[in-house]
Amino acid sequence: MSEKISTFCERLKEAMDARNIRQADLVNLTNISKGVINSYVKGRYEPKEEKLTAIAAALNVSETWLCGYDVPMSETENAPSYAVTHNKVRKIPQKTADNARTLLEIFYNLSFEGQILLLAEAVKLSRQEAEQNPKGGISNGDNKLG
């Protein structure tokens with residue numbers, strides 16, 4: 001294994017800065033409590049595997065890098081991406097991950113009012129697709145994830 005060159009809290013702060021994600025955003029993305037996230041950022045504790053996976057997925061970084069090892073920050077382009085939804089981490093297709101990152105960038109660049117309008121449209125579209133696909137799951141072209 002590579003040499004450990006940094007601490008978890010240093011890497012966590014670096015990844016949050018690089019992704020423009022605040023502690024509150026990380027709480028929402030991972031469903032980990034505000035107090036626990038704050039303890040990680042301050043270096044009081046390091047996460048166990050399940051929470052480490054959720055944080056790495058939310059920040060789109062390698063778990064190994066996040067732990068402080070001398071490896072690339074992100075996995076290769078062909079590596080699986082993950083989504084944290086309903087308090088579960090699951091693999092998603094790379095194109096879906098790319099689209100989600102693009103959408104998140106657009107969302108962050110909108111005013112608060114613009115964010116509310118975008119969310120309203122997304123809910124409307126989601127309901128329309130749910131009516132068309134009563135079995136549920138997330139549609140990604142021909143791929144269905146459930």
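Counting only heavy atoms from C-beta outward, the side chains of L26 and I32 never approach each other to under 4.5 Å. Within the 4.5 Å cutoff, the side chain of W65 has no heavy atoms near those of the D70 side chain. When side chains are defined from C-beta on, C9 does not count as touching Y40, because their heavy atoms never get closer than 4.5 Å. With a 4.5 Å cut-off on side-chain heavy atoms, Q128 and K124 count as touching. Side-chain contact check for T7 versus R11: every heavy-atom pair is 4.5 Å or farther apart. Proximity of R22 to D25: side-chain heavy atoms (C-beta onward) are separated by under 4.5 Å at one or more points. Side chains of K51 and T30 form no contact here, defined as non-hydrogen atoms less than 4.5 Å apart. Contact check for F8 versus L52: side-chain heavy atoms found under the 4.5 Å cut-off.
Side-chain atoms of Q115 come within 3.5 Å of backbone atoms of F107 as a donor-acceptor pair (strictly under, hydrogens ignored). No side-chain donor-acceptor contact under 3.5 Å links S126 to the backbone of A122.
Summarising the geometry, atom CG belonging to L59 is positioned 6.5 Å from atom CG belonging to L12; distances are rounded to the nearest 0.5 Å.
Other residues sharing the hydrophobic cluster of F112, ordered by chain and number and joined by side-chain separations under 4.5 Å: I116.
Closest of all the heavy-atom pairs between S62 and A56 is C-CB, 4.4 Å. In this structure, K4 and C67 approach most closely via the heavy-atom pair CE-O, 2.9 Å. Of all heavy-atom pairs between L66 and I55, the closest is CD2-CG2, 3.7 Å. Across every non-hydrogen atom of A18 and M73, the tightest pair is CB-CE, 3.9 Å.
By the rule that hydrophobic residues join a cluster once side-chain heavy atoms approach within less than 4.5 Å of another member, I21 and I106 end up as members of separate clusters. A continuous path of hydrophobic side-chain contacts links V41 to Y45 [ILVMFWY only; heavy atoms under 4.5 Å].
In terms of the side-chain hydrogen bond (donor to acceptor under 3.5 Å, both in side chains) criterion, residue partners of R19 (sequence neighbours excluded) are, by chain and number, S74. For R44, the side chain to side chain contact (heavy atoms under 4.5 Å, CB included) partners two or more places apart in sequence, or in a different chain, are N38, S39, K42.
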